[in-house]
Student: 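Below is a structure I'd like to ask you about.
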Amino acid sequence: MKQMIPQPAFPGDGGMPADSAEARRYNRLLRRVGVADFVLGLLLMGVILAADWTSAFRNFAVRVAGDHHSISLFLYTTILLLLTKVFSLGLDYYGFRIERRYHLSNQHLRDWAWDQTKAFALVFLFSQALVQIIYFLIRLQPSWWWVTAWALFMVFSVVMAQIAPVVLFPLFFRFRALNDEELTARLTRMSEKAGTRVRGVYEWLLSEKTKKANAALMGLGRTRRIVISDTLLSICNHDEIEAVLAHELGHHVHRHMVKGIAVQCGITFFGFWCLKLAIRWAAFGWRHYAQIDFANLPLMILVATALSVVLLPVMNAYARFNERQADLYAWKSVGSVRPFCSAMEKLATQNLSEREPSRWVEILFHSHPAIGRRVKAALVWENSRR
Ligand SMILES: [Zn+2]
């Protein structure tokens, strides 16, 4: 397979270097942490249900809050969130240690801990709001709560996609207007050619956190912007940056954001329907928790987590399909695959990515095709045009 392509028009010695043992080890560790995180989450909810700690938490919350339903729900959810955080803290810290060990993180423990605190605060806020709405709806519309909850959830997702670049990301990262007039003009021109109106090109000061490089087309409508990490700007020349942006614009041209929202619409509809089935079963089949009893929350979390595990390979396959479309757009619009290939090579090195993971690893875990395959596809495409 590897030798199928004629010697590539590729900078350097005419091919992608093989993955280092270091890159293999690093990615294996990351995968293990990801899997362990899922398993621990499922395990924790399973134990809380099986040992009926959930009833104990609910009784405690009701005792403290008395008749105030929303306050007791708030207390109960707080207990669950804190417990989950404490349970996963070890693994989170291990993830940070891995980034440090492989010299990818530029963060000190204190900065990392502060980011973790902010992230937890956001999760806390959003989870509390979601849970209050869900149990309010279950009381209001016992049969159809899940449809209303789903509709609200989708509205929330779209609003978040719009405001995230101006509200959420700045909580964790610093951005500033790109201080390179020539590049800014070039990228803006490209965006206009692709039919999107971007409201600015920004430098993403990612080097404060990590050595990894990244770029994106973020936001919707008025918050639409190009962001390029300083870590990318420091390793890539203008042609390469243009190739990376051309890929991002490929997502726009193929309307991946809108399609993604449509797919999410279908999947979350199915998900909420499963949640409805689960709590109905708990009430009438298992006869443990009435539908309006928020002690059934761990069951909902369990079902939602299990579903996302099952759907992950499907969603990843869909994402990889989109990535390939965006790549093709990039090669066509730039007219040469050279800058794309050299940018990919630099990104792989900088991010310690596996260029050639096993097929199974790619199918199960990767939202992007492996870089080795992307470069090969680019070279095959260019050769086919000759
Ligand atoms: Zn992409």
Side-chain angles (χ1 to χ4, degrees), residues 16 27 30 157 160-162 164-165 169 173 187 190-191 193-196 198 201-204 206 210 212-220 223-229 231-233 235-236 239-264 312-357 361-382:
M16 271 232 146
N27 284 285
L30 278 196
S157 302
M160 281 320 289
Q162 180 147 27
F169 296 134
F173 303 102
L187 299 181
M190 272 182 78
S191 312
K193 220 177 79 187
T196 180
V198 296
V201 183
Y202 292 85
E203 181 178 0
W204 177 8
L206 199 55
T210 175
K212 292 182 176 177
N214 213 334
L217 195 62
M218 281 181 182
L220 284 173
T223 63
R224 195 116 173 118
R225 60 197 54 200
I226 298 168
V227 299
I228 303 166
S229 70
T231 43
L232 187 79
L233 289 164
I235 55 166
C236 288
D239 288 344
E240 289 162 345
I241 290 168
E242 197 178 67
V244 171
L245 182 73
H247 167 93
E248 297 302 327
L249 290 171
H251 285 306
H252 166 78
V253 168
H254 288 287
R255 307 174 71 76
H256 288 160
M257 182 93 99
V258 178
K259 287 177 191 164
I261 289 171
V263 168
Q264 206 197 340
L312 187 66
V314 183
M315 293 310 289
N316 277 342
Y318 174 65
R320 287 194 306 272
F321 172 77
N322 286 346
E323 293 303 326
R324 283 193 293 270
Q325 271 191 332
D327 277 356
L328 182 60
Y329 174 84
W331 311 330
K332 281 182 183 165
S333 73
V334 173
S336 158
V337 302
R338 271 168 185 267
F340 173 86
C341 291
S342 58
M344 284 293 124
E345 165 54 25
K346 285 179 179 174
L347 276 167
T349 306
Q350 185 91 348
N351 295 354
L352 206 55
S353 311
E354 273 181 303
R355 296 167 174 93
E356 305 263 352
V361 162
E362 193 178 356
I363 287 170
L364 291 176
F365 298 104
H366 283 215
S367 62
H368 287 60
I371 282 185
R373 290 195 183 89
R374 292 173 78 176
V375 168
K376 273 182 196 167
L379 298 171
V380 168
W381 178 80
E382 186 158 80

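Just so it is clear, the model here is predicted, and its values are computed rather than measured. Atoms within each ligand, like the ligands themselves, are counted from 1 in listed order.
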Student: Would you tell me whether His251 and Glu323 have side-chain atoms, one donor and one acceptor, within less than 3.5 Å of each other?
Tutor: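 The criterion, which ignores hydrogens and geometry beyond distance, is satisfied for Glu323 and His251.
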
Student: Which word best sums up how the rings of Trp331 and Trp381 line up, parallel for under 30°, tilted for 30 to 60°, or perpendicular for over 60°?
Tutor: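 Plane angle between 30° and 60°, so tilted.
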
Student: I'd like to know if the Zn ion (ligand 1) has an N/O/S atom from His368 within less than 2.8 Å of it, counting both backbone and side-chain atoms.
Tutor: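 Not a single backbone or side-chain N, O or S atom of His368 is under 2.8 Å from the Zn ion (ligand 1).
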
Student: At the Zn ion (ligand 1), what is the angle formed between atom OE1 of Glu323 and atom NE2 of His251, rounded to the nearest 10°?
Tutor: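 Vertex the Zn ion (ligand 1), arms to OE1 of Glu323 and NE2 of His251: 100°.
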
Student: For Asp327 and His247, does a side-chain donor sit closer than 3.5 Å to a side-chain acceptor?
Tutor: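 A donor-acceptor contact under 3.5 Å links the two side chains.
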
Student: How long is the span from the CD atom in Glu345 to the CZ atom in Arg374, to the nearest 0.5 Å?
Tutor: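 Spacing of CD (Glu345) from CZ (Arg374) equals 13.0 Å.
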
Student: Within 2.8 Å of the Zn ion (ligand 1), is there any N, O or S atom belonging to Glu248?
Tutor: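 For Glu248, the answer is no, given that no N, O or S atom comes within less than 2.8 Å of the Zn ion (ligand 1).
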
